[in-house]
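For reference, the structure is listed below as structure tokens.
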Amino acid sequence: MSWTLLLLAGLFEVAWAIGLKYTQGFTRPLPTLLTLAAMAVSVLLLAQAVRHLPLGTAYAVWTGIGAVGTVLLGIVLFNEPASATRLLCVGLIIAGIMGLKLMT
């Protein structure tokens, strides 16, 4: 259950990171509200996950999910570069997340 909470926390981290783009510097009320809500949910889920997972592992996986998801959605939604080197680096983050999962 803790890993499921951590996965959800990471997905909400992606949501708020992407949401930042839509807030336009927190000048748009609805995107700002949704982004702040996603931030709160993400941190609350992370807090629940670290009750049963090592803090360092949980934090690294949480930020890793956020980084991978944000990069991939940035490519899809905002036409950000998808170079082979960039995708290789994303793959390394995924490998790190999987390694941490296997070690706990």
Side-chain angles (χ1 to χ4, degrees):
M1 183 64 167
S2 296
W3 283 100
T4 301
L5 292 173
L6 186 56
L7 173 64
L8 289 171
L11 294 175
F12 274 96
E13 184 182 4
V14 173
W16 73 253
I18 295 298
L20 285 175
K21 187 82 165 175
Y22 292 103
T23 69
Q24 295 181 0
F26 295 110
T27 61
R28 298 180 62 212
L30 182 58
T32 295
L33 180 64
L34 293 173
T35 298
L36 293 174
M39 285 178 178
V41 171
S42 180
V43 171
L44 289 172
L45 289 170
L46 175 63
Q48 292 302 309
V50 298
R51 293 174 69 198
H52 302 285
L53 294 173
L55 175 62
T57 298
Y59 186 76
V61 170
W62 179 63
T63 58
I65 292 169
V68 168
T70 303
V71 167
L72 295 178
L73 281 178
I75 291 167
V76 171
L77 297 175
F78 308 122
N79 203 31
E80 293 178 357
S83 67
T85 304
R86 194 165 191 232
L87 294 176
L88 174 65
C89 291
V90 169
L92 291 171
I93 295 169
I94 293 169
I97 291 169
M98 292 171 57
L100 289 170
K101 168 68 170 103
L102 292 172
M103 293 297 157
T104 57

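Because the structure is predicted, anything quoted here is derived from the model rather than measured.
Evaluation of the side-chain hydrogen bond (donor to acceptor under 3.5 Å, both in side chains) test over residues 93-104, restricted to residues two or more places apart or in two chains, returns none. The stretch residues 64-104 participates, sequence neighbours left out, in these ring pair (Phe, Tyr, Trp, His ring centres under 6.0 Å) pairs: Tyr22-Phe78. Residue pairs that meet the salt bridge (Lys or Arg N to Asp or Glu O under 4.0 Å) test with at least one member in residues 30-53, sequence neighbours left out, do not exist here. The salt bridge (Lys or Arg N to Asp or Glu O under 4.0 Å) pairs that include a residue from residues 8-27 number zero, where partners must be two or more places apart or lie in different chains. Among pairs with a residue in residues 27-57, none fulfils ring pair (Phe, Tyr, Trp, His ring centres under 6.0 Å), at least two apart in sequence or across chains. Within the structure, ring pair (Phe, Tyr, Trp, His ring centres under 6.0 Å) pairs that include any residue of residues 85-104 do not occur (at least two apart or interchain).
With sequence neighbours left out, Thr70 forms a side-chain contact (heavy atoms from CB on, under 4.5 Å) with Val14, Ala17, Ile18. Shown here are the ring pair (Phe, Tyr, Trp, His ring centres under 6.0 Å) partners of Tyr59, two or more places apart in sequence or in another chain: Trp62. Partners of Val68 under the side-chain contact (heavy atoms from CB on, under 4.5 Å) rule, at least two apart in sequence or in another chain, are Leu72, Val90, Ile93, Ile94. Considering only residues two or more places apart in sequence or on other chains, Arg86 meets the salt bridge (Lys or Arg N to Asp or Glu O under 4.0 Å) condition with Glu80. With sequence neighbours excluded, the residues that form a side-chain contact (heavy atoms from CB on, under 4.5 Å) with Ala49 are Leu5, Leu6, Leu53.
Between Leu45 and Ala9, the shortest heavy-atom contact is CB-CB, 3.6 Å.
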* side-chain contact (heavy atoms from CB on, under 4.5 Å) between Val61 and Trp3: does it pass, once the steps are laid out? -> CA-CA 10 Å; Val61 170; Trp3 283 100; 4.0 Å; yes

Name every donor-acceptor pair, under 3.5 Å, that has one atom in a side chain of residues 30-40 and the other anywhere in the protein, sequence neighbours excluded.
from  : atom 1 : to    : atom 2 : distance (Å)
Thr32 : OG1    : Arg28 : O      : 2.7
Thr35 : OG1    : Gly19 : O      : 3.4
Thr35 : OG1    : Pro31 : O      : 2.7

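Hydrophobic clustering (ILVMFWY, side-chain heavy atoms < 4.5 Å, transitive): Trp16 and Leu44 are in distinct clusters. Val76 is not connected to Val71 by any chain of hydrophobic side-chain contacts under 4.5 Å among Ile, Leu, Val, Met, Phe, Trp and Tyr, and they are in different clusters. Using a 4.5 Å cut-off between side-chain heavy atoms of Ile, Leu, Val, Met, Phe, Trp and Tyr, with links allowed through other members, Leu20 and Ile65 fall into different hydrophobic clusters. There is a path of hydrophobic side-chain contacts, each under 4.5 Å, that joins Val50 to Leu11.
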